[in-house]
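Chain letters run A, B, ... following the sequence lines, proteins first and then strands; every chain starts at 1. All values derive from a computational prediction rather than experimental measurement.
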Protein chains: 2
Amino acid sequence: MNLKELALILGLSPTTVSRALNGYPEVNEATRERVVAAAKRHNYRPNTRAIRLATGRAMAVGHVIPVATRHEIVNPIFADFIAGAGETYSRNDYDMVLSVVPDADEATTYRALRSKGNVDGVILHGPRLNDPRIPLLHEIGLPFVVHGRSTGTETPYPWVDVNNRRAFQRATEFLLDLGHRRIALVNGLEFMDFAVRRRTGYLDALAARGIIADPALMTSGEMTEIAGHRAGLQMLARPDPPTAFLAASMISGMGVRRAIEEKGLVMGRDISVIIHDDDLSYMKNGEDVPIFTATRSSVREAGRIAAEMLLDLINRPDGQVPQRLLEADLIIGQSTGPAPRQ
Amino acid sequence: MNLKELALILGLSPTTVSRALNGYPEVNEATRERVVAAAKRHNYRPNTRAIRLATGRAMAVGHVIPVATRHEIVNPIFADFIAGAGETYSRNDYDMVLSVVPDADEATTYRALRSKGNVDGVILHGPRLNDPRIPLLHEIGLPFVVHGRSTGTETPYPWVDVNNRRAFQRATEFLLDLGHRRIALVNGLEFMDFAVRRRTGYLDALAARGIIADPALMTSGEMTEIAGHRAGLQMLARPDPPTAFLAASMISGMGVRRAIEEKGLVMGRDISVIIHDDDLSYMKNGEDVPIFTATRSSVREAGRIAAEMLLDLINRPDGQVPQRLLEADLIIGQSTGPAPRQ
DNA sequence: TGCATCATCCAAAGCGGTTTGAATTGATTC
DNA sequence: GAATCAATTCAAACCGCTTTGGATGATGCA
């Protein structure tokens with residue numbers, strides 16, 4: 001069932017039918033009702049491909065998932081971000097198209113998406129310091145929203161980000177208030193912007209109390225259980241081990257916990273741990289009582305916001321450059337306690 | 001730069017340029033080279049929207065992600081499955097479009113995808129017993145591949161699945177061989193097909209040794225850390241606790257481990273644990289030495305296979321109904337050992 | 001030489017919608 | 001009674017490609 005057939009059945013021109021269904025004012029209300037009824041009855045649904053060609057809009061948003069060719073890791077927060085964003089897209093009749101691309105080909109992918117007209121805009125994931133993709137997207141004129149920020153990028157660009165610096169600063173202050181002085185940072189990869197901001201927050205908090213950060217207590221790496229475990233073991237094996245850890249994620253925190261327990265120590269009593277909790281649906285930080293004390297910010301919510309921003313940007317490109325900073329909550333769980341007396 | 005402009009520049013008709021670029025035989029080889037060179041020079045990329053309308057094919061594959069309205073969980077294996085499938089799509093110039101849909105609206109979504117012509121086929125995720133989506137897709141004639149199977153569905157349908165029954169049977173046998181008699185099953189939700197098959201494998205192995213399964217040692221629930229932890233605690237608190245656990249995933253296994261450790265027991269010595277390992281990139285089961293003894297099957301690989309099947313199905317619909325059963329490896333790690341003497 | 005064949009290219013008709021510009025009608029105004 | 005106007009409707013162009021059905025010469029063969 002297509003427009004022409006429907007028009008024939010109704011004894012109207014395709015023009016009028018199209019207008020009736022799209023809510024244009026220049027069509028008699030009685031006619032419109034007749035058309036709408038007929039459309040429902042024959043369950044007519046306009047062909048998306050035709051609409052897209054006719055309107056010149058893709059009615060689709062791209063998410064480019066870079067897969068690092070070295071360490072083939074897909075970011076686990078991805079599923080939840082997508083879930084958040086997807087709801088927004090569905091509501092607005094946009095498609096979400098995912099491109100899984102070896103990170104070396106990312107630039108090509110954006111260019112192709114643009115010139116082939118597959119999408120009206122994109123969400124940029126995992127921004128790095130001075131991320132080259134941002135000027136690239138500006139250059140090719142494809143609307144975009146960054147999930148995160150990119151330190152070093154001069155020209156303004158749309159983003160939604162968690163206040164990572166502030167979150168880790170607060171977490172560090174909280175540990176300091178509990179009497180901890182040797183606080184370890186098990187950070188994400190520090191070419192990622194968020195990781196650098198977190199380190200800054202951590203360092204700021206230490207500096208504010210006149211504590212000199214010990215490079216031996218700072219690592220950065222993949223946010224996996226394994227990496228967290230390894231970092232934890234290494235640091236706890238030192239002659240002057242930390243009494244507390246800041247871990248980059250739920251998952252690396254679990255690795256740290258495993259290291260603590262392997263050493264015969266008890267988390268929350270001997271060693272404190274604070275994680276950053278993205279509030280992933282399949283990786284909840286406890287139900288009523290949180291397992292970990294955590295800085296929490298829902299990545300799903302971030303997805304929702306980013307998607308709304310992008311659709312806005314696509315539909316009125318003249319507006320301001322939207323930017324949104326989300327504050328993380330500090331959730332007190334069972335993994336922290338006063339620093340043990342030496 | 002579009003086809004017409006390029007044709008004008010070359011002094012050729014759009015027809016010839018189109019054919020030259022699409023490798024049709026009826027164009028002079030010299031002409032083809034000239035066209036290809038010009039296309040590259042002006043970096044012409046045909047408009048996808050136009051191709052789609054003209055050819056009547058969407059050049060896109062849909063993945064419908066049902067978001068359960070009750071427990072808002074996004075399946076964590078999703079990211080890796082997508083990564084596997086996405087590679088295949090990119091290579092074949094197909095788009096992957098994700099629809100995040102409240103599970104109640106799933107049927108409507110398939111119907112709409114079909115009649116609006118957004119996709120040429122879909123991957124069905126998370127099949128249940130007697131899954132109504134399978135007859136639905138058959139009815140509306142949208143090519144599809146199921147990731148998993150659906151017990152009770154009579155007519156043949158295309159699928160790729162892990163041999164879950166066999167995997168859990170082997171895991172159970174392995175524990176039995178180690179002398180364990182009280183083996184607990186921390187299963188996924190048992191309206192999911194894979195969970196039922198796993199239970200069957202577990203029960204088969206027990207029955208083959210003449211062991212009567214204890215209902216108190218079987219739970220099914222969300223595959224989260226929390227749920228695994230809760231199940232572990234409950235069972236260990238019994239007067240006749242299990243000496244071994246089978247856990248449905250890496251994540252629920254970590255919950256079980258936490259329960260074991262909270263009880264002051266040591267995993268691999270006091271209590272054995274075997275998990276099913278989907279080989280998720282962000283959740284590796286150890287590097288050289290696996291943390292958990294596990295039945296392992298890469299969900300990413302499954303994604304790759306499913307995608308290839310689907311594209312095949314789309315491009316020659318006359319063929320056989322493809323079905324592919326993947327066997328899981330049994331990986332011996334540190335989480336299992338001989339059953340302790342009572 | 002005449003005719004069939006082949007290689008090469010093109011005009012034009014789709015694909016299924018949207019949108020422009022104009023036509024029709026009845027009511028209103030002068 | 002003619003002119004004006006608003007309310008409706010429609011024919012046709014268009015979006016940018018693919019594909020059908022020729023057209024045009026050159027070549028092969030009897």
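- Rounded to an integer number of Å, the gap from CZ of B:Arg52 to P of C:dG17 is 17 Å.
- Among the heavy atoms of the strands, none lies under 4.0 Å from A:Thr48.
- Between D:dT20 and B:Tyr24, no contact under 4.0 Å exists linking OP1 or OP2 to a side-chain N or O.
- Each of A:Ala50 and A:Gly11 was assigned the nucleotide of DNA chain D with the nearest heavy atom; the assignment lying further toward the 5' end belongs to A:Gly11.
- Distance from the side chain of A:Thr15 is smallest to C:dT20 among D:dT18, C:dT20, C:dC9.
- Distance from the side chain of B:Asn2 is smallest for D:dG16 among the nucleotides D:dG16, C:dG17, D:dT9.
- Neither OP1 nor OP2 of D:dT9 sits under 4.0 Å from any side-chain N or O of A:Ser13.
- In this structure, A:Glu139 does not pair ionically with A:Arg114, as no charged nitrogen and carboxylate oxygen lie closer than 4.0 Å.
- The separation between A:Ile51 atom CD1 and D:dG16 atom C1' is 17 Å, rounded to whole Å.
- If you measure from atom CD of A:Glu33 to atom P of D:dT8, you get 13 Å, rounded to the nearest angstrom.
- Defined by atom type and a distance below 3.5 Å, a donor-acceptor pair is present between the side-chain atoms of B:Arg57 and B:Asn315.
- A salt bridge does not link A:Lys116 with B:Asp95: none of the charged nitrogens is closer than 4.0 Å to a carboxylate oxygen.
- Heavy-atom distances to DNA chain C give each of A:Ala54 and B:Ala54 a nearest nucleotide, and the one nearer the 5′ end belongs to B:Ala54.
- Applying the 4.0 Å criterion to OP1 and OP2 of C:dA7, one finds that B:Asn28 has every side-chain N and O outside that range.
- As a whole-Å value, the separation of A:Asn22 CG from C:dT19 P is 8 Å.
- If you take CZ of A:Arg32 and C1' of D:dT9, they are 13 Å apart, rounded to a whole angstrom.
- Distance CG (B:Leu8) to P (D:dG16): 15 Å, rounded to an integer number of Å.
- Closest approach to the A:Arg19 side chain among D:dC17, D:dT8, C:dT19 is made by C:dT19 (side chain taken as heavy atoms from C-beta onward).
- Comparing D:dT19, C:dT18, D:dC17 against the side chain of B:Asn47 picks out D:dC17 as the nearest.
- If you take CD of A:Glu26 and P of C:dT20, they are 10 Å apart, rounded to a whole angstrom.
- The side-chain heavy atoms of B:Arg300 and B:Glu87, taken from C-beta on, include a pair separated by under 4.5 Å.
- In this model, a donor atom of one side chain and an acceptor atom of the other lie less than 3.5 Å apart for A:Asp80 and A:Ser281.
- Rounded to a whole Å, the CG atom of B:Leu10 is 17 Å from the P atom of C:dT8.
- Distance from the side chain of A:Leu53 is smallest for D:dG16 among the nucleotides C:dC9, D:dG16, C:dG17.
- Below 30°, between 30° and 60°, or above 60°: for B:His147 and B:His125 the angle between ring planes is above 60°, a perpendicular geometry.
- Between D:dT19, C:dC10, C:dT19, one nucleotide has an atom nearer to the side chain of B:Ser18 than all others, and that is D:dT19.
- Not one side-chain nitrogen or oxygen of A:Thr16 sits closer than 4.0 Å to the OP1 or OP2 atom of D:dT8.
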